[in-house]
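Structure first, commentary second.
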Amino acid sequence: MTLIATRPGPGPERPYRFPSVVRVPVGDGLVVAAHMPGHLIAGASLLLDAGASRETAGREGTATVLAKAIEEGTRTRNAAAYALALEGLGAELSTSVDWDTFRVGVSVPADVLPGAVDLMAEAARTPKLDAHDVARVRDDEVTALRMDWAQPGPRADAALRRDLFGAAQRYGRPMHGSPESAAAVTAEDVLAFHEQWLRRPGVLLVAGDLDRLDLAALGAAAFAGTQGGALAVEAPLDVPQRSQRRTLLVDRPGSVQSTLRLGHRSPHRAHPDYVPNMLAATVLGGAFTSRLNHLIREVKGYTYGIRADFATTRRFGRLGVSSSVQTAVTAPALADTVGEIARMKLSGVTPEELEVARTWRAGQLTVEMQTPGSLVSALATLVVHGLPDDYYPALRQHLLSATVEQVSAAAATHLRPQELTIVVEGDAALIRDELTAAGLSSEIRDVDDR
Amino acid sequence: MSVSPAPVTGTGYPWPIENARLDNGLRIVVSEDHSAPVVCVNLWYDVGSRHEPDGQTGFAHLFEHLMFEGSTHVAKTEHMRLVQGSGGSLNATTNPDRTNYFQTLPVEHLELALWLEADRMGGLVPALTQETLDNQREVVKNERRQRYENVPYGDAWLRLLPLLYPPGHPYHHSTIGSMEDLNAAALEAFTAFHRAYYAPNNAVLTVVGDVVPAQVVELAERYFGRIDQVTEIPPPPGSHLTGQAGEPMRETVTAAVPAPRVYIAHRTHPFGTAGYDAATVLATVLGDGRGSRLYQRLADGSRIAQPDYVGAYGVDLAHAPAPIIATATAKDGVDGKTLEEGVVEVLESLITEPVTDAELARAKALLTTSWWHQMSTVGGRADTLGRYATQFGDAGAAAYRLPGRLAVTAEDIADVARTMLTPSSRVTLTYLPGENS
């Protein structure tokens with residue numbers, strides 16, 4: 001047996017096509033749709049400017065409780081009848097709340113999409129929101145958050161967020177609330193949130209075979225009984241500077257791994273360095289082949305995986321690095337991680353690294369956009385960030401033409417290893433001395449966000 | 001749009017399928033679809049943790065990791081870099097039945113993917129080093145810690161398997177394996193493993209996407225055709241089980257969990273049979289969605305279970321009766337015993353209260369949507385075709401699964417419930433909050 005030794009080169013490149021985008025105004029609302037001919041599944045999502053940032057201080061979790069409460073019956077049918085009607089079509093509501101948006105979506109065989117959108121709108125626009133039901137959903141959400149916070153991660157995330165943004169700022173508190181803040185949410189809060197933010201038309205996103213779908217009819221169902229225009233977006237936050245690193249220790253006795261979260265503030269989504277930042281983070285920790293994953297997993301064997309990214313929203317961004325490492329190697333894993341961030345800031349990326357990163361990011365625009373669900377998400381990005389219909393082909397070109405100088409300059413500007421907040425959630429008794437000895441920061445503070 | 005499937009309900013696979021076989025026994029399945037310029041290359045090797053002898057648990061999965069660490073013409077870590085550097089996504093998984101490797105790429109990189117897969121099928125052993133093994137052993141141990149040990153209830157599946165399948169049965173132990181066996185793993189065991197099982201005649205190559213079948217077969221011949229077949233692939237250990245388990249099995253775990261949780265499991269039929277189709281629909285009626293019996297009766301109804309954590313599902317194992325598992329987590333103030341009785345009562349309602357037309361229609365509609373979601377990517381289609389070719393000798397049999405599920409009647413479900421969900425064959429795993437035991 002002789003294997004072929006020479007690696008084959010690529011065949012002729014096929015032209016990149018993003019599905020054609022259609023925008024159909026319906027009443028005060030807008031339908032934005034992507035045409036995917038031949039697809040049997042179609043997706044629709046109601047996108048509302050009612051994200052977590054709209055929540056009242058101390059009542060974080062209101063939008064999430066509302067997202068669950070809308071399935072507890074509508075003005076015309078009770079919860080069981082609603083579930084049977086919706087699931088009888090093969091549909092389930094997918095609801096989500098992030099900083100910028102509140103979304104309710106369905107994804108079903110295209111022939112039943114109109115019925116599923118009718119039911120989706122019924123829940124989103126005319127939920128019953130009976131006070132007793134809402135209180136019960138709130139209690140269940142508190143329990144669910146406690147379940148979630150018993151896992152490693154959420155407490156470390158909360159500690160990092162609070163340190164980066166400050167507890168006084170909405171972005172300094174957990175996006176979906178904490179068990180405590182959710183417990184403080186009242187039925188009136190939920191009703192008021194619905195009244196104020198979910199009775200505006202918003203945008204209906206649709207992806208599927210548009211030859212089989214009537215967008216105006218879908219829009220009419222989604223926007224029935226609503227009024228109002230788009231809301232103004234507040235200005236992005238400044239990126240404050242820090243003078244030194246700090247380490248926060250979240251105790252999780254008996255933990256066999258340490259959960260690591262490192263981060264600092266960074267620019268918002270519309271910043272001109274968005275693309276070079278994405279590529280720098282890809283080289284640092286955004287792909288399996290990244291520097292961090294190579295060193296911490298493939299060379300050292302400290303972890304199952306490590307990731308880094310610049311997360312961005314309309315108003316802020318942050319660099320985040322996350323991993324779980326075996327307890328015994330907590331300090332060396334952190335030292336290596338901080339060291340890689342510093343090295344990239346100092347010496348930038350290599351041509352070989354950048355070639356992989358930009359080709360991968362560009363190729364993912366083809367590979368990861370096969371389904372109506374992924375196209376609905378892509379349309380949401382266009383709408384939330386006010387991007388044009390040809391954004392994705394332009395982004396692809398932007399990625400492929402990024403230079404080593406541009407990406408290295410972004411790394412030099414936007415990676416700030418001296419200003420990192422390092423959060424370690426693990427068995428404090430086992431790791432405290434080692435962390436102190438490692439000297440990664442002058443300050444090690446115990447925090448508890450439980 | 002030369003191949004654009006019509007919305008057919010009579011088949012679960014309305015795309016063309018071409019089959020071929022190389023002289024060395026490699027089976028090739030190609031399904032053409034020109035709607036997007038992407039391709040998925042998927043390999044199913046007919047080897048999983050069921051093949052592992054005593055003392056070598058976790059080896060099939062650890063081996064899967066080693067397949068990304070270089071081969072004769074591919075340097076360590078180069079595999080990932082080449083696929084990602086082509087814009088592709090890749091991964092691999094191991095379960096009791098099999099190991100699969102898959103990558104979706106812009107279609108101009110099809111040949112690269114075939115070259116990479118052929119190189120590690122035919123040339124892994126020369127590149128395998130002690131250093132690589134030691135590194136990936138640590139990675140896998142961290143995977144075990146992260147996914148199973150360090151999260152509440154994370155080891156439920158590890159505990160359910162030995163309760164469901166008797167000692168000596170190939171499904172008795174979990175795919176992740178034990179720390180002891182992983183620590184003891186020697187390099188020679190892995191070279192032997194590759195020689196025994198990573199053979200063209202023990203694999204199915206499936207390619208789905210913007211391709212022409214004849215060209216795929218020609219390329220497969222070029223890259224895989226020169227790999228020798230293995231004449232004596234060891235037969236898998238016997239996995240036959242006669243009837244239901246004869247006595248109930250029970251384990252109660254006191255651990256650092258936030259609330260009591262119960263898992264009730266029963267063996268049913270092997271995946272791929274009409275009986276398992278009925279069990280699949282039964283599990284959907286029982287525990288999928290807000291309209292399911294468990295949700296309606298325990299999360300809504302009596303309100304003893306947390307709405308986000310109630311459900312039922314089958315685990316699609318093909319080489320012995322596959323389990324269906326129902327689970328619920330207690331609301332505040334509800335004890336484990338009350339919760340377990342509640343779940344058992346709903347489970348047994350499937351025997352005493354016939355499934356209604358509305359329940360059946362709901363379950364089938366959800367399964368239909370789920371099927372078409374699986375078919376909506378070239379990766380989902382390739383993995384499905386690879387499964388049917390590997391496990392049933394016919395990729396085209398994938399088309400019958402959805403119609404098979406849609407043909408299930410209320411009587412079929414009652415029959416599964418009556419014969420399979422018996423107290424004498426029940427597995428009960430309960431977690432109670434407390435100090436780690």
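Every chain is numbered from 1, with letters handed out A, B, ... down the list of sequences. We use all heavy atoms of the structure for the numbers below, so side chains are in, but hydrogens, waters and symmetry mates are not.
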| task | Kindly compute the distance separating OG1 (B:Thr369) from CG (A:Leu89), expressed to the nearest 0.5 Å. | result | 8.5 Å

| Do B:His373 and A:Ile41 pass the side chain to side chain contact (heavy atoms under 4.5 Å, CB included) test, and can you show the C-alpha distance, the side-chain angles, and the key distance before you say yes or no? | CA-CA 7 Å; B:His373 272 144; A:Ile41 291 277; 3.8 Å; yes

| query | Are side-chain heavy atoms of A:Phe288 and B:Arg81 found at a separation under 4.5 Å? | reply | no

| note | Of the listed A:Met147, A:Gln151, A:Lys68, the one with the largest count of heavy-atom pairs under 4.5 Å with chain B is A:Met147

| remark: In short, B:Asn135 meets A:Gly301 closest at the heavy-atom pair ND2-N, 3.5 Å

| query | With chain B, which of A:Ala83, A:Ser107, A:Ala80, A:Gly88 has the greatest number of heavy-atom pairs at distances under 4.5 Å? | reply | A:Ser107

| said: Heavy-atom cut-off 4.5 Å, strictly under: side chain, backbone, both or neither for B:Gln296 against chain A? | reply: side chain

| request: Pick whichever of A:Glu368, A:Glu355, A:Arg136 has the most heavy-atom pairs under 4.5 Å with chain B. | output: A:Arg136

| said: Quick check: closest heavy atoms across A:Leu84 and B:Ala358, and the distance to 0.1 Å? | reply: CD2-CB, 4.0 Å

| Verdict with supporting geometry, B:Ile227 and A:Leu3, side chain to side chain contact (heavy atoms under 4.5 Å, CB included) | CA-CA 7 Å; B:Ile227 301 172; A:Leu3 292 163; 3.9 Å; yes

| request: Could you give me the CA-CA distance, side-chain angles and deciding distance for B:Lys141 and A:Tyr304, then say whether side chain to side chain contact (heavy atoms under 4.5 Å, CB included) is met? | output: CA-CA 8 Å; B:Lys141 284 162 66 181; A:Tyr304 182 46; over 6 Å; no

| Heavy-atom check, side chain of A:Glu298 versus side chain of B:Thr132, under 4.5 Å | no

| So what's closer than 4.5 Å to chain B heavy atoms on A:Ala91: side chain, backbone, both or neither? | backbone

| field | chain A contacts, top residue of B:Asn150, B:Leu110, B:Val38 (heavy-atom pairs, under 4.5 Å) | value | B:Asn150

| Heavy-atom contact with chain A under 4.5 Å, split by part of B:Ser86 | backbone

| query | B:Glu131 versus chain A, heavy atoms under 4.5 Å apart: side chain, backbone, both or neither? | reply | neither

| field | Main-chain N/O of A:Tyr302 paired with B:Asn142 side-chain donor or acceptor, under 3.5 Å | value | yes

| field | Worked verdict on B:Asp332 versus A:Arg146 for salt bridge (charged side-chain N to carboxylate O under 4.0 Å, His left out) | value | CA-CA 11 Å; B:Asp332 291 349; A:Arg146 280 203 199 102; 3.5 Å; yes

| Pick from A:Thr303, A:Val108, A:Asp209: which one has the most heavy-atom pairs with chain B under 4.5 Å? | A:Thr303

| message | Heavy-atom pairs under 4.5 Å with chain A: which of B:Gly88, B:Gly225, B:Ala361, B:Ala259 has the most? | response | B:Gly88

| said: Only pairs of heavy atoms separated by less than 4.5 Å count here; which of A:Leu365, A:Thr371, A:Val256 has the most with chain B? | reply: A:Val256

| field | Pair A:Thr289, B:Gln84: side-chain N/O donor-acceptor within cut-off below 3.5 Å | value | yes

| note | For A:Arg17 and B:Pro37 the tightest heavy-atom approach is NH2-CD, 4.1 Å

| query | Run the side chain to side chain contact (heavy atoms under 4.5 Å, CB included) check on A:Ile4 and B:Arg226 step by step: do they pass? | reply | CA-CA 9 Å; A:Ile4 290 189; B:Arg226 47 192 70 221; 3.7 Å; yes

| note | Under 4.5 Å to a heavy atom of chain B? For A:Pro10 that would be both

| said: Need one label for A:Val299: side chain, backbone, both or neither, based on atoms under 4.5 Å from any heavy atom in chain B. | reply: backbone

| Measuring heavy-atom distances to chain A, does B:Leu367 have an atom under 4.5 Å in its side chain, in its backbone, in both, or in neither? | neither

| message | Just so I know, are the side chains of A:Gln326 and B:Glu138 near enough to count as touching, which here means a heavy-atom distance under 4.5 Å? | response | yes

| request: Let me see the working for B:Arg290 and A:Glu71 under salt bridge (charged side-chain N to carboxylate O under 4.0 Å, His left out), right down to the final yes or no. | output: CA-CA 9 Å; B:Arg290 296 171 65 101; A:Glu71 289 196 75; 3.7 Å; yes

| remark: Bottom line for B:Val140: the part with an atom under 4.5 Å from chain A's heavy atoms is neither

| query | chain A heavy atoms under 4.5 Å from B:Phe224: which part of the residue, side chain, backbone, both or neither? | reply | neither

| message | Whether the side chain of B:Trp372 engages the backbone of A:Leu40 through a donor-acceptor N/O pair (distance < 3.5 Å, no angle test) should be reported. | response | no

| remark: So, the part of B:Arg222 with a heavy atom under 4.5 Å from chain A: the answer is both

| field | Polar side-chain atom of A:Gln370 near backbone of B:Ser376 as donor-acceptor pair, under 3.5 Å | value | no

| query | What part of A:Ala144 gets closer than 4.5 Å to chain B, counting heavy atoms only: side chain, backbone, both or neither? | reply | both

| field | Minimal non-hydrogen separation, B:Pro106 against A:Val367, with atom names | value | CD-CG2, 3.7 Å

| Side chain / backbone / both / neither for B:Gln146 at chain A, heavy atoms under 4.5 Å | both

| query | Where is the tightest heavy-atom contact between B:Trp115 and A:Ala5, given as atom of each residue plus distance? | reply | CZ2-O, 3.6 Å

| chain A heavy atoms under 4.5 Å from B:Lys76: which part of the residue, side chain, backbone, both or neither? | side chain

| field | Under 3.5 Å: donor-acceptor pair, side chain of A:Glu87, backbone of B:Gly291 | value | yes

| task | Answer with side chain, backbone, both or neither: which region of A:Val112 has an atom nearer than 4.5 Å to a non-hydrogen atom of chain B? | result | neither

| query | What is the distance from atom CD of B:Glu149 to atom OG of A:Ser255, rounded to the nearest 0.5 Å? | reply | 10.5 Å

| Can you say whether B:Asp300 sits under 4.5 Å from chain A via the side chain, the backbone, both, or neither, judging by heavy atoms? | side chain

| Got A:Glu141 and B:Gln306 here, is their nearest side-chain heavy-atom distance under 4.5 Å? | no

| B:Ser71, part contacting chain A, at a heavy-atom distance under 4.5 Å | neither

| query | Is A:Asp211 atom CG crowded by more than 12 heavy atoms from other residues, nucleotides or ligands, each under 6.0 Å away? | reply | yes

| query | Which bit of B:Tyr295 comes within less than 4.5 Å of chain A, counting heavy atoms only: side chain, backbone, both or neither? | reply | side chain

| Proximity breakdown for B:Asp308 and chain A, heavy-atom pairs closer than 4.5 Å | side chain

| 4.5 Å side-chain heavy-atom contact, B:His73 and A:Arg7 | no

| request: Could you check if a side-chain atom of B:Ser89 sits within less than 4.5 angstrom of a side-chain atom of A:Gln364, using non-hydrogen atoms only? | output: yes

| message | Contact between A:Glu92 and B:Asp288 at the side-chain level, heavy atoms closer than 4.5 Å - yes or no? | response | yes

| query | Under a 4.5 Å heavy-atom cut-off, does chain A meet the side chain of B:Val107, its backbone, both or neither? | reply | side chain

| task | For A:Asp140 and B:Arg303, run salt bridge (charged side-chain N to carboxylate O under 4.0 Å, His left out): C-alpha distance rounded to whole Å, both residues' side-chain angles, the deciding distance at 0.1 Å, then the answer. | result | CA-CA 10 Å; A:Asp140 287 342; B:Arg303 294 184 179 154; over 6 Å; no

